[in-house]
Number of protein chains: 2
Amino acid sequence: MKVKELADAAGVNPDTVRFYTREGLLRPVRNPDNNYQHYDAEDLRRLRFARKSRRLGFSLPEIRQILERADDQHSPCPMVRDVFEHRLAEVEREITELQELRTRMISALSAWQDMPDGTPDGHTICRLIEHWDDPSAPPCCGEQTS
Amino acid sequence: MKVKELADAAGVNPDTVRFYTREGLLRPVRNPDNNYQHYDAEDLRRLRFARKSRRLGFSLPEIRQILERADDQHSPCPMVRDVFEHRLAEVEREITELQELRTRMISALSAWQDMPDGTPDGHTICRLIEHWDDPSAPPCCGEQTS
DNA sequence: CTAAAACCTATGACCAACTCACAGGTCAAA
DNA sequence: TTTGACCTGTGAGTTGGTCATAGGTTTTAG
Ligand SMILES: [Zn+2]
Ligand SMILES: [Zn+2]
Ligand SMILES: [Zn+2]
Ligand SMILES: [Zn+2]
């Protein structure tokens, strides 16, 4: 298979195939006549495996490690389980962060409901933002929450 | 104020001050004697404004636009409200995506509960991943969900 | 007075996972 | 034979900083 054939077979961009090849996830054989890369069914399996792993949240270095372990006839399963649990925790942390951002945004929006638009006077840039109380920021000059 | 003084006053990295300066968010005056940048209280206000805006989800180009509008004595408020609503929608889309990823991961974890670790045999890389049914992937070779 | 510490400058690389543009070589069908 | 589709490698762009490097300046301490 040539690059585009492999890419079409896996439903990815040909540039992704070239990128994964540079990253060492695929191992084509080069045709010395025309300098083309030649991929086989094994590469298609590796590519599909890599895409499936990406959808599960694995990074490219992690996928490369898994493939290398499998190439060495060692079971990647324990590593897969371990990495995966860490990734799940990280995803949940990202979700929490984004939900906190969403909470900040919604509280800002509701506070802005009744505020009129202002014209900058050299003292203020935008009251909407400057007068917004960031719940996650430390208190500053003389402002007390109690 | 010099770079580090401004950075300390705003609680950011001095490199962030230099970066924001290159990006046009801060406008220091250069001392021709030693080539140092000199920031004033206005720059501190702009820097604090930028940081607050970042915590609200604004991008640097958006913040620059807001500052430029304010410099022109035009009210940035309508733009702020508009950009903000789009950003909120985007954040909610990102949350949904991450929650879907989390769902995929948890369903994979529970499916892996009873699966034994396997050794690669040249036909399989890692059964955990390869035999995982991606709910968001289109059906492939002969696999039927019904 | 001098030497070291702490600061300043600009430039460029780095992160993640691709995607795209470019310039030049190869191969198929018309 | 001339298109057109494909291949090659390289380098830039994405986002918001952070860090490294090399060299110049200012402050502080001895
Ligand atoms: Zn496995
Ligand atoms: Zn205050
Ligand atoms: Zn405003
Ligand atoms: Zn199948």
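Here is the naming used below: chain letters follow the sequence lines, and residue numbers restart at 1 for every chain. The analysis underlying the following values was restricted to heavy atoms, covering all of them including side chains, and did not include hydrogens, waters or symmetry mates. None of these values were measured; they are calculated from a predicted model.
At a cut-off of 3.5 angstrom, the base of dG16(D) holds no donor-acceptor pair with the side chain of Y20(B).
Atom OH of Y36(B) is separated from atom P of dA6(C) by 15 Å (rounded to the nearest Å). Look at CD on E5(B): it is 10 Å from P on dC7(C), rounded to the nearest Å. Note: CZ (R22(B)) to P (dT15(D)) measures 16 Å, nearest angstrom. Regarding N34(B), its CG atom lies at a distance of 11 Å from the P atom of dC8(C), rounded to whole Å. Summarising the geometry, the separation between CG on D15(B) and P on dT15(D) is reported as 21 Å, rounded to the nearest angstrom. Atom CG in N31(B) sits roughly 18 Å away from atom P in dG24(D) (whole-Å rounding). A straight line from NZ of K2(A) to C1' of dT8(D) spans 13 Å, rounded to a whole angstrom. N35(B) has its CG atom 8 Å from the P atom of dT9(C), to the nearest Å.
Defined by atom type and a distance below 3.5 Å, a donor-acceptor pair is present between the side-chain atoms of R51(B) and Y20(B).
Salt bridge annotation for E92(A)-R102(B): present, with a cationic side-chain nitrogen under 4.0 angstrom from a carboxylate oxygen. For R18(B) and D15(B), the salt-bridge test passes: some basic side-chain N is under 4.0 Å from an acidic carboxylate O.
Although no hydrogens or angles enter the test, the distance criterion places no donor-acceptor pair under 3.5 Å between the side chain of T119(A) and the main chain of S75(B).
In this model, the phosphate group of dA17(C) is not approached by any side-chain N or O of T16(A) to a distance below 4.0 Å at OP1 or OP2. Neither OP1 nor OP2 of dA16(C) sits under 4.0 Å from any side-chain N or O of R64(A). In this structure, R55(B) does not reach the dG16(D) phosphate: none of its side-chain N or O atoms is under 4.0 Å from OP1 or OP2.
Using a 30° and 60° split on the angle between ring planes, F58(B) and F84(B) fall in the parallel class, below 30°.
A residue-by-residue look at Q37(B) and L60(A) shows that Q37(B) has its nearest nucleotide of DNA chain C further toward the 5' end. Map S59(B) and D33(B) each onto its nearest nucleotide of DNA chain D; the residue landing nearer the 5' end is S59(B).
With distances taken from any side-chain atom of N13(B) to the nucleotides dA10(C), dG17(D), dT18(D), the minimum falls on dT18(D). Side-chain atoms of V3(B) lie closest to dT9(C) of the nucleotides dT9(C), dC18(C), dG17(D).
Looking at heavy-atom distances under 4.0 Å, R18(B) makes contact with a base.
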